[in-house]
Amino acid sequence: MTDSAHSDPQHPVLVLGATGRTGRRVVRRLAARGRPVRAGSRTAPVPFDWDDRRTWGPVLDGVRAVYLCYHPDLGFPGAADTVGSFSRQAVDMGVRRLVLLSGRGEEEARAGEEAVRAADPTCTVVRASWFHQNFSENFLLDPVRAGEIVLPAGDAAEPFVDADDIADVAVAALTGDGHGGEVYDLTGPRLLTFHDVAKEISQATGREVSYVPVTAERYTDVLRGEGLPVEFVDLFTKILDGRNAHLADGVRRALGREPRDFRDYARDTAATGVWG
């Protein structure tokens with residue numbers, strides 16, 4: 001089946017993780033294009049829950065394209081089996097285009113990619129590095145407000161990527177031709193350490209924000225205090241060991257333009273007052 005045949009504007013596009021950082025951006029972009037969207041979340045009119053397979057059939061009914069965003073992370077234990085089972089059911093129910101959000105440098109996430117690819121060899125994989133928006137819409141917002149970013153990242157450099165770029169690539173793959181079977185490795189245009197990030201945010205906000213590297217053991221205590229999964233400790237220490245300290249051309253290949261720089265993100269975010 002051709003790409004054009006896969007893209008059917010009369011059927012809704014299912015967006016899983018529709019209330020998350022990338023998912024809600026994908027929803028907005030699809031709606032702006034006049035594409036019918038079905039939001040996949042526990043609170044949606046047709047509720048969806050990765051842990052309740054009884055919700056899978058109703059949310060897939062009539063869908064031809066799906067944005068697959070697994071929560072809490074594709075690299076977590078059991079994720080590959082779950083996304084593989086969901087993808088097989090999706091294909092059996094008529095879905096012809098799967099776009100999977102994966103993590104750059106996450107070895108465990110590769111099993112999830114392969115599970116989805118086994119169900120649909122023409123799926124599109126979007127491998128993203130650390131989001132800019134982790135510092136404004138996620139677990140690092142309060143630390144930035146408090147002026148101290150604590151992470152077990154040492155002096156690792158990361159090519160941070162903007163969630164808007166991720167959403168643009170996902171929507172292109174969900175609605176356009178030529179993306180079937182592609183793996184898009186998404187990064188920003190330059191490498192930054194977390195010290196660099198703190199400096200960029202400090203300059204954008206006009207107040208001091210610092211980065212404090214800690215051990216994995218200390219960060220485990222931090223996560224427990226925040227009520228977050230301690231599995232993130234292993235994930236962060238792995239992907240922030242230098243393996244991702246290089247740039248990729250996924251945004252350019254998918255969209256024909258350069259990715260957004262962290263400095264622009266920091267300036268625009270500071271202007272919203274969210275870091276005030």
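Because the structure is a prediction, the values reported are computed rather than measured.
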*Asks:* With a 4.0 Å cut-off on N to O distance, would you call E231 and K238 a salt bridge?
*Replies:*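 Looking at E231 and K238, the cut-off is not met.
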
*Asks:* To the nearest 0.5 angstrom, please state how far the CG atom of L101 sits from the OG1 atom of T124.
*Replies:* 12.5 Å

*Asks:* Just one of V125, L100, V99 clears the side-chain contact (heavy atoms from CB on, under 4.5 Å) bar with V116, so which one?
*Replies:* L100

*Asks:* So, W130 versus F262, ring centres under 6.0 angstrom or not?
*Replies:* no

*Asks:* Could you tell me whether the side chain of L174 reaches within less than 4.5 Å of the side chain of V66, counting heavy atoms only?
*Replies:* no

*Asks:* For T193, is there any backbone N or O sitting under 3.5 Å from a side-chain donor or acceptor partner on D196?
*Replies:*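 Side chain of D196 to backbone of T193, a donor-acceptor pair under 3.5 Å: yes, one is there.
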
*Asks:* Are any of the side-chain heavy atoms of V197 and K199 separated by less than 4.5 Å?
*Replies:*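 Result no, sub-4.5 Å side-chain heavy-atom pair not found.
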
*Asks:* With sequence neighbours left out, what residues match W275 under ring pair (Phe, Tyr, Trp, His ring centres under 6.0 Å)?
*Replies:*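 Result, ring pair (Phe, Tyr, Trp, His ring centres under 6.0 Å) vs W275: Y265.
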
*Asks:* When you compare the side chain of D168 with that of R29, does any pair of heavy atoms fall below 4.5 Å?
*Replies:*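 Yes. Closest side-chain heavy atoms under 4.5 Å.
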
*Asks:* For R42, I'd like to know if atom CZ has over 12 heavy atoms of other residues, nucleotides or ligands within 6.0 Å.
*Replies:* no

*Asks:* Taking the side chain as every heavy atom from C-beta outward, state whether E208 and E148 have any atom pair closer than 4.5 Å.
*Replies:*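 The answer is no, as the side chains (C-beta and beyond) never meet within the 4.5 Å cut-off.
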
*Asks:* Check whether the ring centres of F139 and F236 lie less than 6.0 Å apart, and answer yes or no.
*Replies:*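 Ring centres of F236 and F139 closer than 6.0 Å.
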
*Asks:* Can you list every salt bridge (Lys or Arg N to Asp or Glu O under 4.0 Å) pair that touches residues 67-88, not counting sequence neighbours?
*Replies:* none

*Asks:* With sequence neighbours excluded, what pairs up with E106 under the salt bridge (Lys or Arg N to Asp or Glu O under 4.0 Å) test?
*Replies:*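 Partners of E106 by the salt bridge (Lys or Arg N to Asp or Glu O under 4.0 Å) criterion come out as none, since no residue qualifies.
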
